[in-house]
Asks: 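Sharing a structure, written as structure tokens. Questions coming.
Reminder, nothing fancy here: chain letters follow the sequence lines and each chain counts from 1.
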Amino acid sequence: MAAPQTIVRELGASVGRSVTIRGWVEHVRVHGRVAFLVVRDGTGLVQGVLLRKQLSAEAWELGCALTHESCVAVTGSVQEDARSPGGYELLVEDVRLLGASVDFPIQPKEHGVEFLLDYRHLWLRSSAQRAGLRIRSEVEKGIHDFLHERDFVRIDTPILTGAIGESAGTLFETEYFGERAFLAQTGQLYVEAACPAFRKVYCFGPTFRAEKSKTRRHLTEFWMLEPEVAFADSDDNMRLQEELVVYLVGRTLERCSGDLEVLGRDLSALERIQAPFPRVSYTEAVEIVREAGSDTRWGADLGGADETRIAEHFDRPVFVYNYPKGAKAFYMKENPDDPRTVLCNDLIAPEGYGEIIGGSQREDDLDRLTARIDEEKLPAEAYGWYLDLRRYGTFPHSGFGLGIERFTAWMTGRPHIRELIPFPRLMNRLTP
RNA sequence: UGGGGUGUAGCUCAAUAGGCAGAGCGCCUGGCUGUUAACCAGGAGGUUGGAGGUUCGAGCCCUCCCGCCCCAGCCA
């Protein structure tokens with residue numbers, strides 16, 4: 001008589017009955033005539049209790065010899081027991097080995113980062129990694145739900161592109177049937193093209209930057225959300241960002257409290273995140289950081305240390321808006337009230353997580369956009385189709401980019417964004 | 001690319017002032033009926049990142065090279 005299969009999360013429905021759980025061994029502790037076997041099945045942890053005199057010799061020997069991360073099927077009757085990690089326990093009747101695991105490299109102890117990244121394919125199984133990646137998944141789902149509720153249409157933009165993007169030099173180059181091609185570093189120009197078709201659009205996907213950055217906030221391949229909204233000005237743009245961030249924080253607190261607890265996240269820091277977020281102009285920001293000891297001068301971009309100084313003034317994310325033209329990309333719209341600046345914003349996360357969003361109102365005037373492309377010495381021919389968007393029914397519009405890993409690193413409180421993507425691509429790491 | 005740090009057992013780390021290369025974890029053997037990273041006893045496990053140099057003697061000092069970490073720049 002075979003016991004029915006179930007999953008750990010649903011064990012409560014089977015108290016007093018025999019069931020079979022399939023999963024991976026986290027621990028075995030043998031005490032002579034009793035042994036404890038902790039199994040993870042992807043929905044939770046359950047402890048199996050093996051009593052020598054109640055098992056066949058084969059099952060007892062097998063159970064005691066199980067090694068870390070072996071895949072097993074454990075059959076036993078379900079008991080409620082507070083001493084068990086998940087609240088339920090299996091009084092084991094039989095154990096079958098489905099897949100052996102010999103000398104699993106990762107132990108339940110401290111390891112160095114390099115070692116763990118070499119074994120990233122196995123590190124994913126550990127509790128903090130599971131929690132962080134589950135929160136990432138929930139953030140991604142939240143993004144889609146939020147935008148679809150607001151009538152956005154998702155536009156999937158190309159990853160292989162000809163020469164186009166914000167700037168050359170940070171693009172990964174490849175070959176495309178004899179032609180030079182690049183991996184996309186933004187989908188923005190394409191969502192701008194789709195904007196007149198659907199009014200509110202967004203793209204969500206991987207982007208690639210060949211920047212030789214070695215900081216806790218950079219990856220060479222990362223995922224980005226980029227909404228684009230017709231008839232939205234820079235203020236509308238910031239309101240949308242604010243609404244989205246408040247929504248995602250609230251949803252993470254609501255749906256991922258167990259994962260946040262595993263990670264030891266300070267929940268009060270997240271509970272404070274409510275609209276409205278403070279807004280300071282770039283010019284005010286420069287004054288703030290100079291008073292705090294920075295030697296940043298008006299006209300230069302704010303550095304990471306400056307961002308931290310600004311964030312320290314507030315207990316929630318801060319908008320810094322209208323940067324000098326020279327510090328920002330060619331497609332941003334000139335500020336009519338101060339032509340030295342452009343209509344744009346960064347959103348700086350608290351607790352030193354830095355810039356999680358960069359957004360702007362786009363330049364919709366054909367002549368000014370062409371002039372900016374010349375000023376930046378960009379190859380005008382590569383932007384032919386982009387300029388068409390200003391030739392055929394140009395319209396005010398705004399959008400932004402939100403970095404998924406940076407956002408999730410802030411949600412989870414992890415110090416480095418490399419843990420918040422399943423297989424990070426860093427300057428010196430292409431495998432696993 | 002610049003600044004700072006680091007590299008010793010499978011992993012995490014010690015090693016007085018230049019003087020016999022160690023511990024914990026993991027692994028192997030044995031013991032234990034309620035463990036929570038169990039505990040107790042025993043065992044195996046090393047070209048100290050690489051090359052050269054100084055010295056009676058180098059894990060330690062010097063030169064060059066390599067890997068990694070942190071910070072800065074670039075950005076999301």
Asks: Could you walk me through whether E140(A) and R136(A) pass salt bridge (Lys or Arg N to Asp or Glu O under 4.0 Å), step by step?
Replies: CA-CA 6 Å; E140(A) 291 181 347; R136(A) 176 197 172 105; 3.1 Å; yes
Asks: Tell me whether the side-chain N/O atoms of R418(A) come closer than 4.0 Å to OP1 or OP2 in C70(B).
Replies: yes
Asks: What is the ring orientation for F115(A) with Y119(A), classed by angle as parallel under 30°, tilted 30 to 60°, or perpendicular over 60°?
Replies: tilted
Asks: Does the separation of the ring centres of Y190(A) and W385(A) fall below 6.0 angstrom?
Replies: yes
Asks: Does S213(A) contact C75(B) through a side-chain donor or acceptor facing the base, at a distance under 3.5 Å?
Replies: no
Asks: Who is the Watson-Crick or G-U wobble partner of G42(B), with both distances under 3.5 Å?
Replies: C28(B)
Asks: Is there a donor and acceptor pair closer than 3.5 Å between the side chain of E110(A) and the base of G24(B)?
Replies: no
Asks: Using centres under 5.5 Å plus planes under 30 degrees as the test, is F222(A) stacked with A76(B)?
Replies: yes
Asks: More 5' along RNA chain B: M427(A) or T220(A), using each one's nearest nucleotide?
Replies: M427(A)
Asks: Are H144(A) and Y202(A) close enough that their ring centres sit under 6.0 Å apart?
Replies: yes
Asks: May I ask you to verify if any side-chain N or O of N428(A) is less than 4.0 angstrom from the OP1 or OP2 atom of G67(B)?
Replies: no
Asks: On RNA chain B, check which nucleotide each of G32(A) and F104(A) is closest to and give me the residue with the more 5' one.
Replies: F104(A)
Asks: Nearest whole Å is fine: how far is A9(B) P from D103(A) CG?
Replies: 17 Å
Asks: Check this for me: does the side-chain of H218(A) come within 3.5 Å of the base of A76(B) through a donor and an acceptor?
Replies: no
Asks: Distance check: side-chain N/O of H27(A) vs OP1/OP2 of A38(B), anything under 4.0 Å?
Replies: yes
Asks: Using only modelled atom types and a 3.5 angstrom limit, is any donor from either the side chain of Q107(A) or the base of U12(B) paired with an acceptor on the other?
Replies: no
Asks: Check whether any side-chain N or O of R216(A) sits under 4.0 Å from OP1 or OP2 of C71(B), and answer yes or no.
Replies: yes
Asks: For U35(B), does OP1 or OP2 lie under 4.0 Å from any side-chain N or O of R29(A)?
Replies: no
